[in-house]
A.B. asks: 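Input: one structure, supplied below.
Sequential numbering from 1 along the given sequence is applied to the chain's residues.
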Amino acid sequence: MEKTGKVKVLIIIPAYNESESIEGVVGSLMSQAPQYDYLIVNDGSTDNTLHICRKADFSYLDLPINLGIGGAVQAGYVYAYKNGYDIAVQMDGDGQHDIAYLENMLRPILSDEADVVIGSRFLKKEGFQSSHTRRIGIGLLSMLIKLTTGKRIMDVTSGFRAVNRRFIEIYARDYPTDYPEPEAIVTAIMHRGRVLEVPVRMKARESGTSSITLRKSVYYMIKVTLAILICRLSYGFRRAGR
C-alpha cells in the first residue's frame, strides 16, 4: 500500500563546475517537479556555479573546499536527515538525468517495495549508453557485486538514485568517497536494503567536468574493486562479531 499524507522529498544535486548546465537542470525541476524540494551542493567549484546559484536564488549548500562526489552527496544526505525528509533523490548537475523519470523512481519506495532505487540506462537500453570502454568496466563491477553480495545490479555507476528515510540516515552517517556509486550499492545490500533498478533514459553530459577521465580509468577500476571487497569483508566481520 502506498503511503498516505505528504511525503517530504529532497532532490540532491552535487555540482562541480556545472555553470553551463545547472540553470537548465533546476529549470527542468521547477517546471516538471515543483512539488519537491531540491538542494544544489556546490562542491568547491572554480567556475561560476556558485555565482549562478546566488544570482538565481537557487537552494544551495556551498562547500568551502572540494570534497569529491562522495563528500558532496553525503552533505546532501546530512541535510536531508537533519531536515526530516522521507525520500532523497540523487541526480547529477550536468544534465544527464531526465527528471521525467522521477515519479517512476519514487513509486517503489512509496509503495514499500524498495529502500533504494537506481535509475538504470541498461534495462531497456534507450538513450545514451556511455562509451564502450566504460560499459566494459561497468559490466565487470556488476559481476563483482553479484559475486560478493548475490545481487545483480546492471547500472552500478548510475548517479540517479532514490532512497527512503532509513537510508538517508545510513548514508548521512557513512557514505563512500571518491567514486562512491558501486560501493554505496554494496553498503545498501549489506544493510539488508531492498535495492531495485528501474529503467530510465539518460543523455550525454551537456558540460562540466566528469569525475572519471580516461587517464583515471585503471585507477578507478582498481580502487573501486578493492573498496567493494573491503566493504563486503568489513560487514562480514561485523556480523560474525555479534
A.B. asks: If every non-hydrogen atom of Ala184 is compared with every non-hydrogen atom of Pro176, which pair is closest and at what distance?
C.D. replies: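 Closest heavy-atom pair between Ala184 and Pro176: N-CG, 3.7 Å.
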
A.B. asks: Are Phe122 and Glu197 packed together at the side-chain level, in the sense that at least one heavy-atom pair is separated by less than 4.5 angstrom?
C.D. replies: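 Contact flag for Phe122/Glu197 side chains = no.
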
A.B. asks: Mind checking whether Tyr36 and Ile87 have side chains closer than 4.5 Å, heavy atoms only?
C.D. replies: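 Heavy-atom side-chain distance check fails, nothing below 4.5 Å.
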
A.B. asks: Should the pair Arg165-Asp86 be classified as a salt bridge under the 4.0 Å nitrogen-to-oxygen rule?
C.D. replies: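 Looking at Asp86 together with Arg165, the answer is no, because their closest N to O distance does not fall below 4.0 Å.
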
A.B. asks: Write down the atom of Gln74, the atom of Tyr175, and the distance for their closest heavy-atom approach.
C.D. replies: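 Nearest heavy atoms, Gln74 then Tyr175: NE2-N, 3.6 Å.
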
A.B. asks: Identify the residue among Thr46, Asn42, Asn17, Asp43 that makes a side chain to side chain donor-acceptor pair (under 3.5 Å) with Asn66.
C.D. replies: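 So, applying the side chain to side chain donor-acceptor pair (under 3.5 Å) to Asn66 and each of Thr46, Asn42, Asn17, Asp43, only Asp43 qualifies.
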
A.B. asks: Return the orientation label for the His97 and Phe160 ring planes: parallel under 30°, perpendicular over 60°, tilted otherwise.
C.D. replies: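 Rings of His97 and Phe160: parallel, under 30°.
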
A.B. asks: Indicate the atoms forming the closest heavy-atom contact of Leu141 with Pro182, along with that distance.
C.D. replies: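 Looking at all heavy atoms of both residues, the closest pair is CD1-CG, 4.0 Å.
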
A.B. asks: So which atom in Ser19 and which in Ile52 form the shortest heavy-atom distance, rounded to 0.1 Å?
C.D. replies: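 Residues Ser19 and Ile52, closest heavy atoms: O-CD1, 3.2 Å.
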
A.B. asks: Can you confirm whether Asp155 sits close enough to Glu181 that some side-chain heavy atom of one is under 4.5 Å from a side-chain heavy atom of the other?
C.D. replies: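 No, every pair of side-chain atoms sits at 4.5 Å or beyond.
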
A.B. asks: Please determine whether a side-chain nitrogen of the Lys or Arg among Asp98 and Arg201 lies less than 4.0 Å from a carboxylate oxygen of the Asp or Glu.
C.D. replies: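 Arg201 and Asp98: not salt-bridged.
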
A.B. asks: Side chains of Ile185 and Val116: does their closest heavy-atom pair fall under 4.5 Å?
C.D. replies: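 The answer is no; the side chains never approach within 4.5 Å.
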
A.B. asks: Tell me, do Ile168 and Leu10 make a side-chain contact under 4.5 Å, heavy atoms counted?
C.D. replies: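 Ile168 does not reach Leu10 side chain to side chain.
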
